[in-house]
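So the structure is just underneath, and the comments pick up after that.
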Amino acid sequence: MAENFEQHSDVSAADLARLTQEAQAEATPSTAKIIWSEFKADKPAMAALFIIVGFILFVMIGALFINTPKMMETNIMGYFNQPFTSDYWLGADSGGRSVAKQLIVGSRNSIGIAIGLTIISSTFGICWGLISGYFNGYIDWGMQRVYDFMMMLPMTMMIIVLVTIIPHYNSVTLTLIFSIFYWEGTSRLIRSRTLAESEKDYVSASRTSGTNHWKIIFREIMPNISSLIIVDCTLSFAENIGVETGLSYLGFGLPSQTPSLGTMIANANDPNNITQYWWTWLPAALEIIILCLSISYVGQVLRRAADASQRQGAAD
Amino acid sequence: MSLIEIKDLKVHYPIRTGFWNRITDSVRAVDGITFNIEAGETYGLVGESGSGKSTTGKSVVGLEKVTSGSIMYKGVDITKKANRTKLDYNQDVQMIFQDSLSSLNPRKRIEDIIAEPLRNFEHLSKDDEKLRVLQLLDIVGLDADALYKYPHQFSGGQRQRIGVARAVATNPKLIIADEPVSALDLSVQAQVLNFMKKIQREFGISYLFISHDLGVVRHMCNNIAIMNRGRLVEIGTREDIYNHPLHIYTKRLLAAIPETNVNQRAAHRASRLAVEKIYQEQQSKYYDENGEAFPLIQVSPTHAVALPENIAKQLASQEGEVQA
Ligand SMILES: Nc1ncnc2c1ncn2[C@@H]1O[C@H](COP(=O)(O)OP(=O)(O)OP(=O)(O)O)[C@@H](O)[C@H]1O
Ligand SMILES: [Mg+2]
């Protein structure tokens, strides 16, 4: 059969190298490259990206050098020590514990949970949405009833109940518990786009080309909704920082011996702290505000950049 | 034996309603059609929008779940998935889609698009595969530059040629061409049709050529089936259909071919209005009491029409056709 093609085309094996080189010279940059270059053009977005990445690296590495149990010991000498002193850069709380060190370890814990939660719940939600939207019919119907059931459960209450009845838990179990309840939004979003995408002829073309369902779902359809996925992941990351923080603030998150941004903000529960000892809660609050703003800014730029390459894709 | 034999094919889409998703009704997109495609020929399937042409085409490539009926290829019924898999059916039967933009994955480079069927069916080495893609691009008249570009960088006509290249990649025996040129302007239409004809000559491919435009079909097809509301109303050779149309629906389609000769515009318009008038007045004669087409009646060895026997014979003798 190859001869058949040889006969009717002037192109032969001898031209292969030359033609490949010609084609490479004309190659179009990939979407990832387009997004990156648009990113480089936007200075504030770049700054936001550096803040996020730099800060995460800083707390991850910094926390390794801090002995947490020792840090959490009460030290009567440091009772509400003022900030900006040589022993306590950011002061100390009612137990004489360094706010700066707690902030580093607490950020590590909170951000670690947020990252873990985002990875687990987004991966699950994306797969659920893609499969449900692609297969349609009975599979979709069944998967959507599961979704409806999960949505029906009062989420915060369920988490509080689970946290209360599980005797020993740490960041990992907490992340897993959160993950059970945080994939639904993503899955619905992805499903609706997948439904629309599966109708397109390129999916039919892949099927007549002999490509199997799983390859079509993850290699053909998923790249086409990648901009949606990127944006959804960044936004849910920002949201997920708030999830743990909010729950710890209420007293149902991490145990009190494990510092987190939430437990630190909980210092503001005491009216004395709010007025006199502002350094016990303000740094953590500021940190969350700055982080979430940076993340959503990066998310917006990503969306804009992804849409731009999408627009290019749609323009003809 | 014909290349492919379609027998009493039906595709009904269920309409589901309510919480339990029960089937309450169905859309009869294709409702019992029978025809054969011979090796090497171009078979035309013509009808207005919504008549079920695409559904028929998709059933033949195996994209659509068939309600009943059979499609025989190499002696097996390929409406069953197991048979399609066993034969590597889609290596032999491919499709060119109506909308060239949506049929090419916007996130894939042209090389990966054209090589997709090769990777699944032929397992060539990397160099052989690239060579084949380059040859295919050459055959449809595109430069090697196209290799690493994305679909949106091409014009409609070029994209449709990429679609043709992908369909030809595995050297199939039959290609379903679903309105391959209806989205293109006239000059580009001719260009793409010529490529398709050239490829047919060189590779001995059969086409099932789907169109709503009898003007385009005239240049491509030897045998033509006219489809109306899921059923065939007339089957015949090009000669039968264009010179001796019997069914009012065929006559309407013929009258709808745009007249390019300016001097005859007025006459053309008058004849179109006349046909339309007959269609409005004589609906009951051409369709049964439910408004559906009658079963096909053979009026000559090549020509069949969906009319009651007596009317068919009468019309055929008026047209001066040789009786079967
Ligand atoms: N997935 C589906 N579910 C329900 N009804 C459908 C589906 N696909 C097609 N139909 C219906 O089946 C009928 C035939 O559709 P089909 O796409 O085959 O028409 P067509 O002849 O190709 O028209 P066009 O020339 O516009 O492409 C239409 O009435 C359409 O509404
Ligand atoms: Mg169609």
Side-chain angles (χ1 to χ4, degrees), chain A residues 1-2 4-31 137-138 140-141 144-145 197 199-212 215-216 219-227 309-316, chain B residues 21 58 61-63 88 90-91 93-95 97-109 111 113 116-122 124 127-128 130-132 134-139 143-156 159 163 166-167 169-171 198-199 202-203:
Chain A
M1 189 164 70
N4 211 337
F5 287 94
E6 296 282 345
Q7 256 172 40
H8 299 292
S9 159
D10 300 329
V11 179
S12 68
D15 305 320
L16 189 60
R18 180 178 58 82
L19 289 177
T20 309
Q21 211 168 23
E22 270 177 35
Q24 236 132 29
E26 294 280 324
T28 312
S30 67
T31 312
Y138 286 111
D140 183 36
W141 188 83
Q144 286 312 299
R145 295 298 80 77
E197 213 60 35
E199 292 289 303
K200 294 196 178 159
D201 282 341
Y202 74 81
V203 175
S204 301
S206 279
R207 282 169 58 195
T208 60
S209 299
T211 309
N212 68 39
K215 255 192 174 162
I216 292 179
R219 300 268 293 278
E220 304 280 328
I221 296 179
M222 202 163 82
N224 277 289
I225 57 173
S226 58
S227 64
S309 72
Q310 204 93 323
R311 254 201 310 282
Q312 263 181 8
D316 55 326
Chain B
N21 246 4
K58 286 185 174 162
V61 274
L63 281 172
D88 261 351
N90 283 124
Q91 186 169 6
V93 179
Q94 276 287 333
M95 181 148 180
F97 293 86
Q98 181 163 0
D99 177 358
S100 64
L101 184 60
S102 105
S103 78
L104 306 176
N105 189 337
R107 290 302 163 103
K108 277 168 71 180
R109 296 176 190 274
E111 182 190 18
I113 289 176
E116 192 178 353
L118 294 174
R119 286 174 191 164
N120 288 317
F121 293 122
E122 296 202 10
L124 303 171
D127 278 351
D128 284 350
K130 187 170 279 173
L131 180 62
R132 177 77 69 85
L134 284 167
Q135 285 170 343
L136 285 161
L137 284 173
D138 181 50
I139 288 169
D143 285 338
D145 298 353
L147 214 52
Y148 300 117
K149 287 185 176 159
Y150 289 95
H152 68 260
Q153 292 171 289
F154 296 88
S155 72
R159 273 200 298 267
R166 170 174 60 190
T170 54
N171 202 356
K198 183 185 125 201
I199 288 165
E202 290 172 357
F203 295 92

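Every chain is numbered from 1 and lettered A, B, ... according to where its sequence line falls, protein lines coming before strand lines. Because only heavy atoms are used, hydrogens play no part in the values below, and waters and symmetry mates are left out as well, while side chains stay in.
For CZ of B:Arg119, the number of neighbouring non-hydrogen atoms (other residues, nucleotides, ligands) closer than 6.0 Å is greater than 12.
Considering NZ of A:Lys200 and CG of B:Leu101, their distance stands at 8.5 Å, rounded to 0.5 Å. A distance of 6.0 Å separates CG of B:Leu134 from OG1 of A:Thr20, quoted to the nearest 0.5 Å. The structure places CD1 of A:Ile225 at 10.5 Å from CZ of B:Arg107, a figure rounded to the nearest 0.5 Å. Here the CG atom belonging to A:Asp201 is positioned 8.0 Å from the CD atom belonging to B:Gln98, to the nearest 0.5 angstrom. For the atom pair CZ of A:Arg219 and CG of B:Asn105, the computed distance is 11.5 Å after rounding to the nearest 0.5 Å.
Side chains of A:Ser204 and B:Phe97 form a contact here, defined as non-hydrogen atoms less than 4.5 Å apart. Counting heavy atoms from C-beta outward, A:Ser206 and B:Glu116 have side chains that approach closer than 4.5 Å. Using a 4.5 Å cut-off on side-chain heavy atoms (C-beta onward), B:Pro151 and A:Tyr202 make no contact.
Note on A:Glu220 versus B:Lys108: salt bridge recorded, some NZ/NE/NH1/NH2 to OD/OE distance being below 4.0 Å.
No side-chain donor-acceptor contact under 3.5 Å links B:Asn90 to the backbone of A:Ser209.
The heavy-atom pair separating B:Ser103 from A:Ala205 by the smallest distance is O-CB, 3.9 Å. In terms of heavy-atom proximity, B:Ala144 sits nearest to A:Leu19 at CB-CD2, 3.6 Å.
The part of B:Gln94 that comes within reach of chain A is its side chain, from C-beta onward, which places non-hydrogen atoms under 4.5 angstrom from that chain. Residue contact with chain A, scored on non-hydrogen atoms closer than 4.5 Å, is absent for B:Glu111. Heavy atoms of B:Ile113 lying under 4.5 Å from chain A are absent altogether. With a threshold of 4.5 angstrom between heavy atoms, B:Asp128 does not approach chain A through any atom at all.
Note: B:Asp127 leads B:Asp127, B:Asp143, B:Leu147, B:Asp99 in heavy-atom pairs under 4.5 Å with chain A. Contacts with chain A were tallied for B:Lys58, B:Lys198, B:Gln153; B:Gln153 has the most, counting heavy-atom pairs under 4.5 Å.
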